[in-house]
Amino acid sequence: MGFTIKLAWRNIFRNKRRTFIAGLAIGVGLATLIFTDALILGMKANMIHSATAAYSGEGQIHRQGFRLTQDVEKTINNPAEVIAGLAKEEEVEAFTRRAMSFGMITSPANVSSVLFVGLDPESEKPLSHIDDNIQQGDFFSGPEARDIVIGSQLADLLEVSLGDRVVVTVSQAGSGSLAQDMFRVSGIYHFNIKEMDGGFAFVRLGKAQEMLGLGTGVHEIAIKFRSLDSAAEGNTSFWEKYSVNGNEAVSWMVLLPQLKGVLNMVWISLIFMAVLLFGIVAFGIINTLFMSIYERMFEFGVIRAVGTRPGGVRRLVVFEAGALAVLSIAMGTVLGLIITLIVMKTGIDYRGIEFAGTTFYEMLYPELHLQQFLIYPAAVFFFTLLVGLYPAGVAARMSISDALRKSL
Amino acid sequence: MRKMWFLIGLGGLLAFSGPGSAQSQIDADAATIVRQIDALYRSDSSEALVEMEIVTPHWQRTLRMKAWSLGMDKTFIRILEPKKEEGITTLRIGNEMWNYLPKIDKVMKIPPSMMMSSWMGSDLTNDDLVKEFTFLESYHFELVTPDAPEEGLVYVKCVPKEGLPIVWGHVIIAAQRADAMPVWQKFFDEKGNLVREMLFREVKPFGRRRIPAVMELIPRTKEGQKTVLRYLEARFDAGIAPDIFTLRNLRRGN
Amino acid sequence: MLTLRMAFRNIFRQKRRTIFTGLSIVGGFTLAVIFIGWADGSYNNIIDQFTRNRLGHIQIHEKTYLERPSLYKTIDTAQRIGAILEREDSVESWAPRVYGAGLAALGEKSAGVQIIGLDPQRENAATHFDRKIVRGRSFSDLRAGEVVLGKGLAEILQAKTGDQVVLVSQAADGSIAQDLYLLVGIAATGDDLSDRMSCFLPLGTAQDYLVLGDRLHEIAVVVDRLSRVNRIAATLSGLIDDPTLSVDPWQVFARSFYEAMRADKAGMWVMLVIIVVIVAVGVLNTVLMSVLERRREYGLLKAIGTKPRQIVRLVLLEIIVLSLIAMIIGAGLGLGTNAILSRHGIKFSSGLTYGGMVFDTMKSEINLRSFVIPAITVILSAVLVSLVPAIKAARTEPAKTMRMH
């Protein structure tokens, strides 16, 4: 067996140019697979991140039923317990609390309905992008409790700018009586997304709780995970753990179903591409091997004539295919690595494009994973061997006299 | 819908009707002037027949209604004309509001979230209404002299106290020096732009009181809009049955 | 031309080699054709399904309605426009709508709502409104005193079919619009946010309720061929010829969806480039090998007096002819597959859900692009890759090449 391997290896190098070219073709196929996989992973991460990092977070916890009616009475049950639990979770990178209610915001010029949200600036900053999109003013940098941060569209509608007065009216939990308070615009943000820029008014959590009569209650806890995998719907242990006591914990997949759908589509495209790639690679292999066999038909005839069994010939050809595969994999892996590393450095600029309700914030970077360098090369190797069986069979079955008569 | 709000606003105004001092000397003190104007519009109870004309860029209507009020937070308003709206009645108790629609014979509670809007033809907003404190307690007052003062008028500049839910930068009230009758009220935003204007005209006696019978509210930031309130008849502190202000009465239709 | 005849003969002489080289070109070409056809097809398919769901492919409004909707910004010439739309062949269906804001109440519960007046028959044809009814039924006729609520709204009001829902609003003449409607159905459009606020009325009922006469706020149009939507919109705009109205394709009124699709398309381009590279390399591989193998042959030709230029021409011609034959076969296979896929599509178990619609069928599309791009790729790479060895072959010493094995 060892002899056959050595022989196979030497055989393919007899025609260096052909082998090299064929190897390159297959190698490029492999490199492409690796790069595309990395790109897709990067795109997926980027999209999810862009969609969830704006504001919604990768997962949210509410009281059951809150999401449907936004009833101000439905605050999270046992918040202290939930928060303590989250703080200890390995997979959770950051989380923040919010209290919210629909209400009205008035300025001298106009009035508008708005989602009035109280948040904790310190824990909000690592999680959402509001602070990154502040166009004017700041994100609760001062201690002033009357600070309010609104979107550019709302500011336009109300005809207000930094420092102007607005009055917010909401109805309190429990009594339903109206609470009003005056705020000064301390920050204006711009996401370039209509819903964000026109529909929200942010204040400090304490102030909102006071106005809504919630005490220490909150309506929503938004979560960011260390790794996107934890945010998947399939990570049931986490979601089940926090969907207790009348609360419900859901991932972005539930909150933003359209994003999930788009990602599905992207994944399907990848599969299609992989099929295509393998197809082309197959042609390359078959072509090379056949050419090589036919050229050496006489040679095969000779070995058969001196006693090698058909099986031996088949094995030789298959091993040659394998050798070719190894060579290709070596080239392809290196090529794939180089290309991916280059693009990882430069990134692809999708920034500014609005997508599924959010804007791409960051450059797109492909992601390298170890499995790309294990699975794909292995697949190519076995595929090459498989494909090599065909020409191997042909070579093995050819009659000796026919083989001896063949010449180029 | 918006009209509902206007009616609420109207109710609020009526609630401000108060025991009047017929001929009072104008006090040099600004606060006192405002107190007197404020007192003009206060009463323990009132009953009035009011006409409201609403002008918008798209349409123009005049409504006639009867309105009762008790204290600061109970209002009952019934529309008499035009025919399409005849019988529509609004009851307000504190922060809660109900409408009765005779055409479909239903009482509807207005959700708190909608209480705040007052768009429309009626340019009166709930700012005028839902507040628990009066104009008097919410502002600092000082006498001022404008660039082109008119004969016989005093001007009071009202600046809202810090921390109160008021959108205005300041308000200027012009009143008759002789009898403290308000002539106009101008509302400015914090940048000094005139945002809306309220004009008072036709001071008439109603029972033992003299008040401007016509109030015209003109928003200055919107084109072609105004609301005119006209008191046709009014009775103050005449003893009004508290059971007017009940849901039962809402349906029954006085 | 001697060269051409020789080229043809050469091709058919070395059957094996020809077949191999040819096959790889056929393969790459076919797969590229299928990929492009499929990518374009599914892209357009998604747009079509999404816009058909509720928005329509084209919408007609008063000029400034989209930027700031208002009860007063109406289309006043509904009849005339309807007639124009009926006459246009490219218009598959159209649906008129009116919108208003109001308060809906049932018992103690009330909520702010968006009132949507629609024509049940036309709406069923255009956006399959009837399929969105999850409980009860749609309207019986244009002027029925019936209402359909969005799912979330029905939950908030705790309403069930058979209830009488109160609707209060302000009509276009300033008067109070108040009426009672029978709840006949509950709809789920897939957009949870809008379902929490949607209150549907039959068109005639809504127009009476809001005192709009026969005015409309919106006409949604569904066209037969989505790829021509821009052209159709322009045509309609010309026919309607009304400067107070605006006829917009979906890219305008569904801007964020458009941007999303654009980003997706950009991704497709990246993949396309990758595919093109792969096909080129594949062709390179086989063609190069085939040319290099035959250097001895070319040496021989030179030895008997063939001019270098003729050799180059011969090599190139062979490759081009082979490529053309291969492309014809590939085109047949590829476009044929696309034709089948465009009719039946591939159904996936877990589809894409966007705006409540489930897209689980990917359909292909036959278009010029799916042929032209691979064709150019193949010819260019084949020619380019043959050029160097051809020139080299033409230049080397015959004796040297003939000595090579």
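Just so you know, these numbers come straight off a predicted model, no measurement behind them. Below, chains carry the letters A, B, ... as their sequence lines are ordered, and counting in each starts from 1. Values reported hereafter were calculated over all heavy atoms of this structure, with side chains retained and with hydrogens, waters and symmetry mates removed.
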Subject >> Qualifying residue, where the test is salt bridge (charged side-chain N to carboxylate O under 4.0 Å, His left out) with C:D179 and the options are B:K103, B:K106, B:K84 >> reply: B:K103

Subject >> Residues, nucleotides or ligands: over 12 heavy atoms within 6.0 Å of C:Q164 CD >> reply: yes

**OP:** Please say whether more than 12 non-hydrogen atoms of neighbouring residues, nucleotides or ligands are located less than 6.0 Å from CD in C:E86.
**Re:** yes

Original post:
What distance do C:Q178 atom CD and B:I104 atom CD1 have between them, rounded to the nearest 0.5 Å?
Top reply: 5.5 Å

Original post:
What distance do C:I176 atom CD1 and B:N99 atom CG have between them, rounded to the nearest 0.5 Å?
Top reply: 7.0 Å

**OP:** Hey, could you give me the OH/OG1 distance between C:Y72 and B:T56, rounded to the nearest 0.5 Å?
**Re:** 5.0 Å

Subject >> Over 12 foreign heavy atoms within 6.0 Å of NZ, C:K160 >> reply: no

**OP:** Would you give the length of the straight line joining atom CG of C:L71 to atom NE2 of B:H58, rounded to the nearest 0.5 angstrom?
**Re:** 8.5 Å

Original post:
Is the count of non-hydrogen atoms from other residues, nucleotides or ligands lying under 6.0 Å from B:R230 atom CZ greater than 12?
Top reply: yes

Original post:
Quick check: are there more than 12 heavy atoms from other residues, nucleotides or ligands sitting under 6.0 Å from CZ of C:R137?
Top reply: yes

Original post:
Atom CH2 of B:W59 and atom CD of C:Q170: how far apart are they, to the nearest 0.5 Å?
Top reply: 4.5 Å

